[in-house]
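The structure appears right after this line, and notes come after that.
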Amino acid sequence: MSNDTYIVRIPSADVPLALKPEVESVLAELIPLVTARVKEKRQTDFKLLLDVLLRGVKLRTLDIRRAQKQARALEAVLENSEWLTAEEIGERGKFSPSNLAAPANRWKQEGKIFAVPYQGQDRFPRYGLDEAYRPIPGLESVLKLFGPISPWRVAVWFESTNAWLANRRPRELLGNEPEKVRRAAEHYRNSSHG
């Protein structure tokens, strides 16, 4: 499961044959610019959010460092993985066009996948889905181990390097080695609860 390739579809009727190489060249140059702009906007949004959260609050240096660390962790969650809306999962998974969001929302309710609230919508991690855009079978057992914690905490756990996984990120191993990820989640649960 690779997140390294994106496909841009432009109907061939919209591009004259003589302009095809130029259009491809322009698109190739635009991709890094758009990506950089999206990252820059996310960083600005996080800084603004941090400013709003801390406005009028007298903080100790330790509190500020902790808030900055948490902001960086949330930023890494969004930057390093692809996050999809329920509708995008429905479109990519070729589910019923009458209610594209239904499968992802049902899986979330059943505990087969999780979502983080972002910009007014639930966002589901692409790494939690297989090539057919259905939940990876091992994910449900990992999520059950976490119990009722914030989905952002779950997302940070999947994004953080883990000593029980030879300093790999759980999201990197979920598709191929879900049992190792489940055992790492057990260690996390045991250390968090006592």
>> Below 30° counts as parallel, above 60° as perpendicular, anything between as tilted: where do the rings of Tyr127 and Phe158 land?
In response: tilted
>> Quick check for you: to the nearest 0.5 Å, what is the distance between Asn162 atom CG and Arg171 atom CZ?
In response: 13.0 Å
> How many angstroms lie between OH in Tyr188 and CZ in Arg153, if you round to the nearest 0.5 Å?
Replying inline: 3.5 Å
>> Check the orientation of Trp164 and His187. Use parallel for under 30°, tilted for 30 to 60°, and perpendicular for over 60°.
In response: parallel
> Counting only heavy atoms not in Leu17, do more than 12 fall under 6.0 Å of its CG?
Replying inline: no
> Crowded around Glu179 CD? As in, over 12 foreign heavy atoms under 6.0 Å?
Replying inline: yes
>> Show the nearest heavy-atom pair for residues Pro21 and Ala18, with the distance to one decimal.
In response: CD-O, 3.8 Å
> How many angstroms lie between atom CG of Leu165 and atom CG of Leu174, to the nearest 0.5 angstrom?
Replying inline: 10.5 Å
> So Trp107 and Glu140, side-chain contact (heavy atoms from CB on, under 4.5 Å) or not? Walk me through it.
Replying inline: CA-CA 9 Å; Trp107 297 330; Glu140 183 176 7; over 6 Å; no
> With the threshold set at 4.0 Å, does a side-chain nitrogen-carboxylate oxygen contact exist between Glu110 and Arg106?
Replying inline: yes
> For the rings on Trp157 and Phe114, is their centre-to-centre separation under 6.0 Å?
Replying inline: no
>> Can you tell me how far apart NZ (Lys144) and NZ (Lys112) are? Round to the nearest 0.5 Å.
In response: 9.5 Å
> Under 4.5 Å between any side-chain heavy atoms of Glu88 and Trp83, yes or no?
Replying inline: no
> Can you name the closest pair of heavy atoms from Pro170 and Val181 and give their distance?
Replying inline: O-CG2, 3.6 Å
> With the 4.5 Å side-chain cut-off for hydrophobic clustering, are Ile113 and Ile149 part of the same group?
Replying inline: yes
>> To check you understand the geometry: which heavy-atom pair defines the closest contact between Leu145 and Arg182, and what is its length?
In response: CD1-O, 3.4 Å
> To the nearest 0.5 Å, how far apart are CG in Asn167 and OG in Ser160?
Replying inline: 11.5 Å
> Out of curiosity, Glu87 CD to Asn99 CG, how far, rounded to the nearest 0.5 Å?
Replying inline: 8.5 Å
> Should the pair Glu40-Arg37 be classified as a salt bridge under the 4.0 Å nitrogen-to-oxygen rule?
Replying inline: yes
>> Using every non-hydrogen atom in the two residues, find where Phe124 and Ala104 come nearest and quote the distance to one decimal.
In response: CE2-O, 3.6 Å
> Does any non-hydrogen side-chain atom of Arg126 lie less than 4.5 Å from one of Leu129?
Replying inline: yes
> Between Ser96 and Ser98, what is the shortest heavy-atom contact and its length?
Replying inline: OG-OG, 2.8 Å
>> With a 4.5 Å cut-off on side-chain heavy atoms, are Leu84 and Arg123 touching?
In response: no
>> Looking at every non-hydrogen atom in both residues, tell me the closest pair between Asp122 and Ala115 and how far apart they are.
In response: CB-CB, 3.7 Å
